[in-house]
Amino acid sequence: MNHNPILRSIDTLRGPAGRIEALLNTGQPDAPYAAIVSHPHPLFGGTMHNKVVYHAMKAFQAHGLPVLRFNFRGAGLSEGTHDNGHGERDDLRAALAWLQQEYGLPILFAGFSFGASVGLRTCCGDERIQGIAALGLPVRAGGREYHYSFLPACGQPKLFISGTRDEYGPQAEVEAVVATAAPPAKLVWVPGADHFFAGQLTQVQLALSAWIEAHFLPATVAP
C-alpha cells in the first residue's frame with residue numbers, strides 16, 4: 001500500500017527549557033527505523049529549516065522512514081536560551097524520547113555542524129540509536145574548539161560527510177578525528193564544498209542515502 005508522507009507540526013514535545021518546536025515527516029507504515037535530524041548553530045541563524053538539514057531529512061524520507069526535525073532551545077519557537085551545547089543535549093534527549101514513544105522503532109540520527117557535535121555526544125552509546133551521521137563536523141569555529149575524545153568508545157555505525165573547503169573542519173583535522181572513531185566509521189569528502197555544501201547538497205543527500213542503504217536497508221534477494 002502506498003503511503004504519502006505527511007508533514008505534521010508537533011505540539012507535544014517538551015524539554016527542560018520548555019516547548020520544543022518540531023516538525024515530523026511521517027513515513028511508511030512498515031518503516032524499520034525512525035530518524036531525527038538536528039540543526040547548525042542557532043546563534044548564527046541555524047534552525048530546522050536549514051538546507052542541509054532539509055536534504056538530510058529527504059534522504060531518510062526517500063526510504064520511507066519517519067523523520068523528526070526540531071529547534072534547539074532559543075531557536076525559532078523553541079523556549080529557553082542557547083546553552084553552548086550543554087542544555088541542547090537535553091533537548092535532543094527529549095526529542096529522542098518523543099520519537100521513541102511515538103514509533104517504538106530503532107533510531108537513526110543525522111546532525112549538521114553544531115547539531116553534529118551535539119548529536120555525537122548525545123547519541124554515542126545510546127542503545128536506541130543504531131546509526132549516527134555527522135555532516136560538516138566542526139573542529140574550530142568562531143574561536144570555539146570542538147573535541148571528540150569520546151569517539152573511540154562510540155561503537156555505532158558512523159558516517160562523516162565534509163567538504164574539502166570546509167572552513168570550520170579542515171581536512172587534516174577532520175581526518176584525524178575520524179581516525180580515532182571506533183569502527184565502523186566512514187568519511188566521505190565532497191570535493192570543493194564549503195561548510196554549508198553550497199551548490200553540492202545533492203552529493204550530501206546521495207552519500208547519506210547510500211550509507212542508509214548499505215547499513216540499515218540491506219537488499220532482499222529475489223526468489
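Sequential numbering from 1 along the given sequence is applied to the chain's residues. These figures come from a predicted structure and were not determined experimentally.
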Asker: With a 4.5 Å heavy-atom cut-off, do Leu135 and Ser162 have their side chains touching?
Answerer: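 Not in contact.
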Asker: Where is the tightest heavy-atom contact between Pro152 and Ala182, given as atom of each residue plus distance?
Answerer: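 Residues Pro152 and Ala182, closest heavy atoms: O-CB, 3.3 Å.
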Asker: How about Phe114 and Phe72: are their ring centroids closer than 6.0 Å?
Answerer: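 Yes: the rings meet the under 6.0 Å criterion.
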Asker: So if I apply the side-chain hydrogen bond (donor to acceptor under 3.5 Å, both in side chains) rule between Ser113 and each of His39, His195, His41, which one comes out positive?
Answerer: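 Between Ser113 and the candidates, side-chain hydrogen bond (donor to acceptor under 3.5 Å, both in side chains) is satisfied uniquely by His195.
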Asker: Walk me through it: do Leu120 and Phe160 pass the test side chain to side chain contact (heavy atoms under 4.5 Å, CB included)?
Answerer: CA-CA 11 Å; Leu120 279 168; Phe160 299 85; 4.1 Å; yes
Asker: Evaluate the side-chain proximity of Tyr33 to Pro66: yes if any heavy-atom separation is below 4.5 Å, no if none is.
Answerer: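 In short, these two side chains do not touch, never coming nearer than 4.5 Å.
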Asker: Go through the steps for Leu208 and Gln205 under the test side chain to side chain contact (heavy atoms under 4.5 Å, CB included), then give the verdict.
Answerer: CA-CA 5 Å; Leu208 180 56; Gln205 191 170 330; 5.9 Å; no
Asker: Does this structure show an ion pair linking Arg73 with Glu79, if we count only N-O contacts that are shorter than 4.0 Å?
Answerer: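 A salt bridge is absent here (no side-chain N lies under 4.0 Å from a carboxylate O).
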Asker: Just how far is it from atom OG1 of Thr122 to atom CZ of Phe109, taken to the nearest 0.5 Å?
Answerer: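 It comes to 7.5 Å.
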Asker: Does atom CZ of Arg89 have more than 12 heavy-atom neighbours, drawn from other residues, nucleotides or ligands, at distances under 6.0 Å?
Answerer: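 Count over threshold, so yes.
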Asker: Roughly how far, to the nearest 0.5 Å, is CZ of Arg69 from OH of Tyr54?
Answerer: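 Between Tyr54 OH and Arg69 CZ, I get 7.5 Å after rounding to 0.5 Å.
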Asker: Rounded to the nearest 0.5 Å, what separates atom CD1 in Ile36 from atom SG in Cys123?
Answerer: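 Reported to 0.5 Å precision, the distance equals 7.5 Å.
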Asker: Between Trp211 and Phe216, does the ring centre distance come in under 6.0 Å?
Answerer: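 Distance test on ring centres: under 6.0 Å, yes.
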Asker: Under the criterion side chain to side chain contact (heavy atoms under 4.5 Å, CB included), I'd like the reasoning laid out for Glu102 against Leu68: C-alpha separation, chi angles, the key distance, then a yes or no.
Answerer: CA-CA 11 Å; Glu102 185 78 5; Leu68 182 70; over 6 Å; no
Asker: Calculate, to the nearest 0.5 Å, the distance between atoms CG and NE2 belonging to Leu217 and His215 respectively.
Answerer: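 Separation between the atoms: 11.5 Å.
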Asker: Rounded to the nearest 0.5 Å, how far apart are CD1 of Ile20 and CG of Leu77?
Answerer: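 Reported to 0.5 Å precision, the distance equals 12.5 Å.
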Asker: Using a 4.5 Å cut-off on heavy atoms from C-beta on, say whether the side chain of Gln130 contacts that of Gln156.
Answerer: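 Heavy-atom side-chain distance check fails, nothing below 4.5 Å.
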Asker: Could you grab the distance from atom NE2 of His55 to atom CD of Gln203, nearest 0.5 Å is fine?
Answerer: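 His55 NE2 to Gln203 CD: 10.0 Å, rounded to 0.5 Å.
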Asker: Please step through side chain to side chain contact (heavy atoms under 4.5 Å, CB included) for the pair Ile161 and Val190, ending with a clear verdict.
Answerer: CA-CA 7 Å; Ile161 305 175; Val190 179; 3.8 Å; yes
